[in-house]
Amino acid sequence: MTLRAVVKGVGHYLPDRVVSNAELEARIETSDEWIRTRTGIERRHLVAEGQTTTDLATRAARAALADAGLEPDDIDTIIVATSTPDLTFPSTATMVQGELGMTRGFAFDVQAVCAGFIFALTNADGLIRSGQAKRVLVIGAETFSRLMDWEDRTTVVLFGDGAGALVLEAAEGERGILSSDLHSDGRFRDLLYVDGGTSTGKTGYLRMQGKEVFRHAVSKLAETAHTALDKAGLTADEVDWIVPHQANLRIISATAQKMGLPMEKVVVTVQDHGNTSAASIPLALSVGKARGQIKTGDVIVTEAIGGGLAWGSVVLRW
Ligand code: UT7
């Protein structure tokens, strides 16, 4: 039997404040029609003043722990995928560890922007398979609203805040993470980046060449998903659900089409959350389970691309 990282619990948290496209219309030169037709987004959740990435991550973590029937000290490792840490350091993961009152184990962040959760899951899988951890809490948490330049209508309409979390546990059998496929290519750093950090002394704003990122997304996502499926020894017709990064409905549907799968097999949340970067996949997994779409034993393909560019796919049996 093979030791695998099996999903034991899932949960999410979204801030209370919901901002509709109509509300954005009142603030910037845009329209509900443009946002819906170009992206599929109808609304997004935004953090309140003072609410932090750590807050969102901790709430999602508590929900996933409750779903798993576990306490914080049952966890060996916390990995947080985020590009919006509250501070340069310590890591958001150690701050979540403190908030949860967890007094053992170790915690660290993974930063691969919108693909962060895919990279974090792969790290968790490695720790579990190598025997370094038995239970890993993997969280995607973001406050991208804090990176928005309200003068830039091409980005401000796209992003939202939120967090999602999975508890993974070492177990033998057929369930769990089956394969993963990771990539990055730093030649494309200028397509999607934040123009701040320690080099500027300011947090900075998100800058994106949307059309170019779109082009890379459509070509790279189906390819990485196919590679991950190959590694798992599965074909697309054995897939129950695609749970994609939720950036743009047009990218999501183009990828499903390239994989030869109908939209009925795709968990879509972009209309309600916008693009929540590393949080979008765990959010969609949690919402997909709550909707009754995702069930024990289902084969799920997750895929994402973002700044770096960094992209990849993880295949798991739920
Ligand atoms: O999660 C990380 C990965 N990121 C992504 O996956 C994002 C990938 N890119 C995209 O999703 C799309 O490229 C966007 C949604 C960002 C843009 O859609 P597009 O179809 O590529 O539009 P565009 O950038 O070519 O802009 C078309 C027009 C432009 O006007 P002109 O030059 O044709 O007159 C823009 O100025 O739409 C205009 N426009 C807007 N109009 C109303 C751009 N933003 C807006 C806006 N409201 N918010």
Side-chain angles (χ1 to χ4, degrees), residues 19-44 81-84 111-120 140-145 147-162 164 183-186 188-194 205-225 242-256 258 266 268-271 273-284 302-313:
V19 176
S20 66
N21 291 347
E23 206 176 313
L24 292 178
E25 267 181 8
R27 214 169 146 183
I28 55 167
E29 187 63 41
T30 191
S31 68
D32 174 49
E33 209 263 332
W34 190 95
I35 302 169
R36 274 176 201 257
T37 54
R38 299 285 175 139
T39 72
I41 299 166
E42 297 171 21
R43 60 192 71 80
R44 70 286 292 144
T82 189
S83 299
T84 44
Q111 208 269 52
V113 203
C114 296
F117 198 74
I118 300 284
F119 282 68
E142 303 276 21
T143 49
F144 261 50
S145 62
L147 299 177
M148 290 300 116
D149 173 2
W150 281 84
E151 302 293 309
D152 180 8
R153 69 173 181 169
T154 69
T155 54
V156 86
V157 300
L158 304 175
F159 293 91
D161 302 328
H183 301 269
S184 66
D185 191 335
F188 300 120
R189 55 178 265 181
D190 293 342
L191 297 188
L192 177 50
Y193 65 101
V194 172
Y205 293 122
L206 182 144
R207 306 294 177 200
M208 177 164 71
Q209 296 179 38
K211 252 195 171 18
E212 278 302 299
V213 176
F214 191 102
R215 203 172 57 75
H216 283 283
V218 169
S219 72
K220 290 182 165 62
L221 289 173
E223 197 178 321
T224 184
I242 306 178
V243 182
H245 170 47
Q246 311 279 326
N248 185 318
L249 188 57
R250 286 154 59 216
I251 297 174
I252 293 171
S253 52
T255 305
K258 280 195 160 194
V266 186
V268 182
T269 57
V270 69
Q271 68 283 3
H273 303 164
N275 181 347
T276 58
S277 186
S280 88
I281 288 175
L283 264 166
T302 61
E303 32 87 348
I305 186 166
L309 295 175
W311 68 101
S313 173

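Counting starts at 1 for both ligands and their atoms, following the listed order.
In terms of protein heavy atoms, atom 18 (O) of ligand 1 is closest to Arg250 NH1, 3.9 Å. Of the protein's non-hydrogen atoms, Arg153 O, 2.9 Å is the one closest to atom 48 (N) of ligand 1. Of the protein's non-hydrogen atoms, Lys211 CG, 4.5 Å is the one closest to atom 24 (O) of ligand 1. For atom 47 (N) of ligand 1, the nearest non-hydrogen atom of the protein is Thr30 OG1, 2.6 Å. The protein atom (non-hydrogen) at minimum distance from atom 20 (O) of ligand 1 is Arg38 NH1, 2.8 Å. Summary of contacts: the protein heavy atom closest to atom 1 (O) of ligand 1 is Asn275 ND2, 2.6 Å. Here the protein heavy atom with the shortest distance to atom 16 (C) of ligand 1 is Leu158 CD1, 3.9 Å.
Here the side chain of Thr224 pairs no donor or acceptor atom with the backbone of Lys220 at under 3.5 angstrom. Side chain of Arg44 to main chain of Val19: a donor-acceptor pair is present (N/O by atom type, distance under 3.5 Å, no hydrogens or angles). Not a single donor-acceptor pair under 3.5 Å links the side chain of Ser280 to the backbone N or O of His245. Side chain of Glu212 to backbone of Gly210: no donor-acceptor contact under 3.5 angstrom is found. Not a single donor-acceptor pair under 3.5 Å links the side chain of Asn21 to the backbone N or O of Glu33. Here the side chain of Arg153 pairs no donor or acceptor atom with the backbone of Thr30 at under 3.5 angstrom. Remark: side-chain polar atoms of Thr143 are not paired, donor with acceptor, to backbone N or O of Ser145 under 3.5 angstrom.
Under a 4.0 Å criterion applied to the non-hydrogen atoms of Leu192, ligand 1 contributes the atoms 2 (C). The Met208 neighbourhood of ligand 1 comprises atoms 4 (N), 7 (C), with distances under 4.0 Å to a heavy atom of that residue.
Side chains of Thr276 and Glu142: a donor-acceptor N/O pair is absent below 3.5 angstrom, by distance only.
In Val157, the part holding a heavy atom less than 4.0 Å from any atom of ligand 1 is the side chain. Residue contacts with ligand 1, taken as heavy atom pairs separated by less than 4.0 Å, involve Trp34 solely via side-chain atoms from C-beta onward. When non-hydrogen atoms are compared, ligand 1 lies under 4.0 Å from the side chain of Cys114 (C-beta onward) but not from its backbone. Looking at Asn248 against ligand 1, only its side chain comes within 4.0 Å, counting heavy atoms.
For atom 4 (N) of ligand 1, the candidate residues are Val156, Ile28, Val213; the nearest heavy-atom contact is made by Val213. In this comparison of Ala115, Gly210, Gly274, the heavy atom closest to atom 9 (N) of ligand 1 sits on Gly210. When the options Ile251, Thr39, Ile305 are ranked by their closest heavy atom to atom 6 (O) of ligand 1, first place goes to Ile251.
When every heavy atom of Ile41 is checked against every heavy atom of Leu158, the shortest pair comes out as CD1-O, 3.4 Å. The minimum heavy-atom distance linking Lys258 with Val218 is given by the pair NZ-O, 3.5 Å.
Using cut-offs of 30° and 60° on the angle between ring planes, the pair His183 and Trp311 is parallel.
Judged by the shortest distance from any of its heavy atoms, Leu24 lies outside the 4.0 Å radius around the atoms of ligand 1.
Within the 4.0 angstrom cut-off, atom 33 (O) of ligand 1 has no protein heavy-atom neighbours. Protein heavy atoms are absent from the 4.0 Å sphere centred on atom 29 (C) of ligand 1.
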For this session: Please lay out, stage by stage, how Cys114 and Ile305 fare under the test side chain to side chain contact (heavy atoms under 4.5 Å, CB included).
Result: CA-CA 6 Å; Cys114 296; Ile305 186 166; over 6 Å; no
